[in-house]
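In this chain, numbering begins with 1 at the start of the sequence shown. The figures that follow rest on heavy atoms only: side chains count, while hydrogens, waters and symmetry mates do not.
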Amino acid sequence: VEPTWETDATEITVNQVGGVTTGNQNGTFKITVSAGSVKAYGYVLVGVEDNRPNLALNKTSKTDATGGYPSKNAVDGSEGSRWSVSGVDDPASFFVDLGDIYKIEEIQILWEHRSSAYDYNIYVSNDANSWNNDTNWTSFLELRNMDERRYCGDDAINPGANCKPLHVHYKSSLARYIKVKCIQKQPMPVNGDNYSIVELRVFGEEVDRNIPEYIEITPTISYLEIGQTQQFTATVYNGFGEVLNVPVTWTCDVAGMLN
């Protein structure tokens, strides 16, 4: 039978008959091939060597694991090193401090091999104490299961030493700290019993901290007699609870009643 190729992404062009794909914009895009009621999925990474700054590169990191390789290896920009822990630490996690709050738009995890982790969660935080596990970060689930074999090779048992699965997650979130918590290993006797991340990459943009979010007025209610005065004060905050030094304008919607 002749399969049909298609994609919902407007950034790439897919030949419905031959499957020839052309990338028109940088990013990671999903393609679908179907034959009758059977479907399979593939992923196209266009311009992965773009010039976006990796916000996690060489930033401070910390792990709760007691052994293995250090977490700094996962943010050193090298695919020749890795953060890795054995089965003694299960589950295991590490986080990176980006140094400031950013608008995070994309998180990439480059694993050492398919058995590096079977299940994991991504958490974000602004203080490294209260962590938000937003399940919407786990967007490309197919790369972790059956379709991951097509990304790394057709051999489901041993895809080869050079197979490093790249998991890409999209969602907009404000955060300073990014944590990856590995929950369960791949249930197959391949490449040892450990979690192993080659690189954690974070992409996003700086946040404009000078945008007013809300104003606190003191007092909120004042009882006056005619001719009396009241000094009101206003404190302007941004979205992070920081005080802004910006001018404010006072008005009254009852003309002539108050000065």
Do N238 and V207 come close enough that some side-chain heavy atom pair is under 4.5 Å?
no
Tell me if the OH atom of Y223 is crowded by more than 12 foreign heavy atoms within 6.0 Å.
no
Cluster check L244, I215: I/L/V/M/F/W/Y, side chain < 4.5 angstrom:
yes
Closest approach of V202 to A56 (non-hydrogen atoms, all atoms of both residues):
CG2-CB, 3.9 Å
Report, as yes or no, whether the 6.0 Å neighbourhood of atom CD on E206 holds more than 12 heavy atoms from other residues, nucleotides or ligands.
no
For the NZ atom on K62, are there more than 12 heavy atoms of other groups (residues, nucleotides or ligands in this structure) within a distance under 6.0 Å?
no
Given side chains that start at C-beta, do those of D127 and R176 come closer than 4.5 Å, heavy atoms only?
no
Is it true that Y237 and W250 fall in one hydrophobic cluster, defined by side-chain heavy atoms closer than 4.5 Å?
no
Show the numbers, then the answer: is there a side-chain contact (heavy atoms from CB on, under 4.5 Å) between R209 and I101?
CA-CA 10 Å; R209 305 177 86 96; I101 296 176; 4.0 Å; yes
Please assess E216 against T233 for the test side-chain contact (heavy atoms from CB on, under 4.5 Å), listing each intermediate value before the final yes or no.
CA-CA 8 Å; E216 184 180 83; T233 62; over 6 Å; no
Would a single hydrophobic cluster contain both L174 and I211, if residues Ile, Leu, Val, Met, Phe, Trp and Tyr are joined by side-chain heavy-atom contacts under 4.5 Å?
no
Considering non-hydrogen atoms only, spot the tightest contact between D97 and K59 and give its length.
O-CB, 3.1 Å
Do side-chain atoms of D64 reach the backbone of S93 as a donor and acceptor pair under 3.5 angstrom?
yes
Given the rule that I, L, V, M, F, W and Y join up when any side-chain heavy atoms are under 4.5 Å apart, are F240 and Y102 in one cluster?
no
Would you compute the distance between atom CD1 of I31 and atom CD of E6 and round it to the nearest 0.5 angstrom?
10.5 Å
Should I104 and I178 be marked as a side-chain contact (heavy atoms from CB on, under 4.5 Å) after you check the CA-CA gap, both sets of side-chain angles, and the distance that decides it?
CA-CA 10 Å; I104 309 301; I178 308 296; 4.3 Å; yes
What's the separation between atom OG in S71 and atom NZ in K179, rounded to the nearest 0.5 Å?
13.0 Å
Of S61, P70, C182, the residue whose pairing with W83 passes side chain to side chain contact (heavy atoms under 4.5 Å, CB included)
C182
At what distance, to the nearest 0.5 angstrom, does CG of N73 lie from OG of S196?
9.5 Å
Which distance, rounded to the nearest 0.5 Å, do you find between the NZ of K72 and the OG1 of T63?
13.5 Å
Shortest non-hydrogen contact from V33 toward P3
CG2-CB, 3.5 Å
Least distance between heavy atoms, E79 atom then V198 atom
CA-CG1, 3.5 Å
Plane angle bin for Y177 and W131 - parallel if under 30°, tilted between 30 and 60°, otherwise perpendicular
perpendicular
Evaluate V96 against L55 for side-chain contact (heavy atoms from CB on, under 4.5 Å), listing each step before the verdict.
CA-CA 10 Å; V96 59; L55 301 178; over 6 Å; no
Closest heavy-atom contact between S222 and P219?
CB-CG, 4.5 Å
Y120 pairs by ring pair (Phe, Tyr, Trp, His ring centres under 6.0 Å) with which of F94, Y195, W111?
W111
Can any side-chain N or O of Y123 pair as donor or acceptor with the backbone N or O of S130 at less than 3.5 Å?
no
